[in-house]
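What follows is a set of notes on a single structure, which appears directly below.
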There are 2 protein chains.
Amino acid sequence: MNAPAHLAIGVLSQRTGCNIETIRYYERVGLLPITARSASGYRLYGTEHLKRLTFIRRARALGFSIDEIRTLLKLADERKRPCAEARVVAAAHLEDVRAKIADLRAMERVLRETVARCADGKGSDCPLIETLYRGAGISPRSSPQSRRDRVLAPADVRPAARP
Amino acid sequence: MNAPAHLAIGVLSQRTGCNIETIRYYERVGLLPITARSASGYRLYGTEHLKRLTFIRRARALGFSIDEIRTLLKLADERKRPCAEARVVAAAHLEDVRAKIADLRAMERVLRETVARCADGKGSDCPLIETLYRGAGISPRSSPQSRRDRVLAPADVRPAARP
DNA sequence: ATAGAGTCTGTAGTAACTACAGACTCAAGG
DNA sequence: CCTTGAGTCTGTAGTTACTACAGACTCTAT
């Protein structure tokens with residue numbers, strides 16, 4: 001065992017690939033516990049934090065939200081009958097992921113077709129822009145009370161943040 | 001033609017399925033022009049706004065960011081050689097969408113497998129939680145300088161907002 | 001005249017971070 | 001012992017694309 005008893009935040013950051021500000025953020029929002037501090041106020045972490053943070057990062061990489069992870073961690077912490085409940089969380093999330101894939105596939109198809117028409121466009125107008133202006137065979141909504149933005153995809157499909 | 005000369009914001013909202021606050025937001029961020037106002041200060045819209053907003057909503061539904069739409073609109077407004085440039089924007093976006101699909105597929109696979117193991121889990125521990133803690137055949141990063149969060153997907157894969 | 005709907009501005013909230021500023025602390029070198 | 005540079009601290013503000021108010025007007029119909 002060559003692991004030291006306490007790790008500084010920078011070491012934890014390196015070991016998990018999670019940046020320092022994010023670690024402090026996870027503490028603020030309650031995913032990581034409030035740690036012991038050194039005499040001068042530095043956070044001190046142990047291997048349990050390393051494991052927990054790894055868990056969090058993996059779950060995030062699988063697309064779980066912070067809230068879902070909070071639930072999962074609570075279940076893991078309780079260590080009683082967590083399996084069924086954890087499965088519910090994961091299954092719901094799986095459905096979300098599948099819905100998202102379906103939406104993105106629809107986007108992909110329209111984009112691909114439009115870009116293709118753009119590529120061999122000999123006319124004066126840009127087919128891409130025409131498509132967006134005139135609509136790709138989709139009419140603007142007629143019923144105002146319909147809750148969904150039925151252009152191509154459900155209303156709640158928003159692009160993920162791309163910095 | 002039964003379209004009136006000016007539409008109030010609420011009517012524009014109904015016709016486009018875009019909510020009122022969002023319309024004002026688009027004006028603030030420069031996607032919609034600053035409109036004429038009635039004597040009492042109400043915004044007045046015409047069919048050109050209706051078309052433009054429809055364009056914006058469709059582009060958003062296809063996952064274009066506000067910034068990309070700004071570019072697209074500028075090209076459409078300029079009406080000179082927009083096709084090639086618009087195609088570049090759309091093609092880049094198409095690549096993003098494809099990358100996102102690939103990432104989500106990877107998530108889907110791991111989630112599906114994990115949930116399945118969870119369903120027929122006869123042991124005492126939850127395989128889902130174990131997976132997250134121990135890793136799904138993926139080791140925690142060793143090289144600190146590697147830029148990507150190589151758990152399953154690139155670091156910039158974040159789940160889309162789900163209210 | 002008055003009720004109820006529509007609209008206005010401005011601000012603040014959301015998710016999940018990221019990016020500072022300005023102050024401290026720590027370890028190594030001279 | 002002092003300095004230098006790296007590490008860490010807090011707190012606040014920025015990001016994206018909206019959404020949700022509060023409080024004040026205005027418009028339409030009865």
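Heavy-atom basis, side chains included; hydrogens, waters and symmetry copies ignored.
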Check: Between the side chains of B/Y45 and B/R15, does any donor sit under 3.5 Å from an acceptor?
Finding: no
Note to self: Rounded to whole Å, how long is the line connecting atom CZ of A/R60 with atom C1' of C/dT18?
What the structure shows: 14 Å
Next item on the list: Can you tell me the distance, in whole Å, between the CD atom of A/E68 and the P atom of C/dA15?
Entry: 12 Å
Margin query: Within residues 19-27 of chain B, which residues have any heavy atom lying less than 4.0 Å from an atom of DNA chain D?
Written below: B/N19, B/E21, B/T22, B/Y25, B/Y26
Next item on the list: Give the rounded distance in Å between these two atoms: CD1 of A/I66 and P of C/dT18.
Entry: 11 Å
Check: A/I9 has an atom CD1; how far is it from atom P of C/dT25, in whole Å?
Finding: 17 Å
Checklist line | A/H93 side chain reached by A/V97 side chain, heavy atoms, under 4.5 Å | finding: yes
Could you write out each protein N or O paired with an N or O of nucleotides 25-29 of chain D at a distance under 3.5 Å?
| unit_1 | atom_1 | unit_2 | atom_2 | d |
| --- | --- | --- | --- | --- |
| D/dT26 | O3' | B/S40 | OG | 3.3 |
| D/dC27 | OP1 | B/S40 | OG | 2.6 |

Check: Rounding to a whole Å, what distance do you find between A/R43:CZ and C/dC24:C1'?
Finding: 14 Å
Item checked: Short N-O contact, A/D103 and A/K100, less than 4.0 angstrom -> no
Next item on the list: Supply the atom-to-atom distance A/I56 CD1 to A/T22 OG1, rounded to the nearest 0.5 angstrom.
Entry: 11.0 Å
Notebook entry, point to check: Under the side chain to side chain contact (heavy atoms under 4.5 Å, CB included) test, which residues partner B/R28, sequence neighbours left out?
Noted result: B/Y25
Next item on the list: Would you indicate, yes or no, if C/dT9 has its OP1 or OP2 atom less than 4.0 angstrom from a side-chain nitrogen or oxygen of B/R37?
Entry: yes
Notebook entry, point to check: Roughly how far, to the nearest 0.5 Å, is the NE2 atom of B/H6 from the OG atom of B/S38?
Noted result: 9.5 Å
Note to self: Without decimals, in angstroms, what is the distance between A/L7 CG and D/dT8 C1'?
What the structure shows: 15 Å
Checklist line | Connected via hydrophobic side-chain network under 4.5 Å: B/L111 and A/V88 | finding: no
Next item on the list: Would you mind reading off the distance between A/D67 atom CG and C/dA16 atom P, rounded to a whole angstrom?
Entry: 7 Å
Note to self: Main chain of A/L7, side chain of A/R43: is a donor-acceptor contact present, judged purely on distance under 3.5 Å?
What the structure shows: no
Check: Rounded to the nearest Å, what distance is computed from the OH atom of residue A/Y45 to the C1' atom of nucleotide D/dC9?
Finding: 11 Å
Margin query: Quick check: on DNA chain C, is the nucleotide nearest A/R28 upstream (toward 5') of the one nearest B/L44, or the reverse? Name the residue that is more 5'.
Written below: B/L44
Note to self: Side chains of B/Y26 and B/R52 only: does a donor on one sit below 3.5 Å from an acceptor on the other?
What the structure shows: no
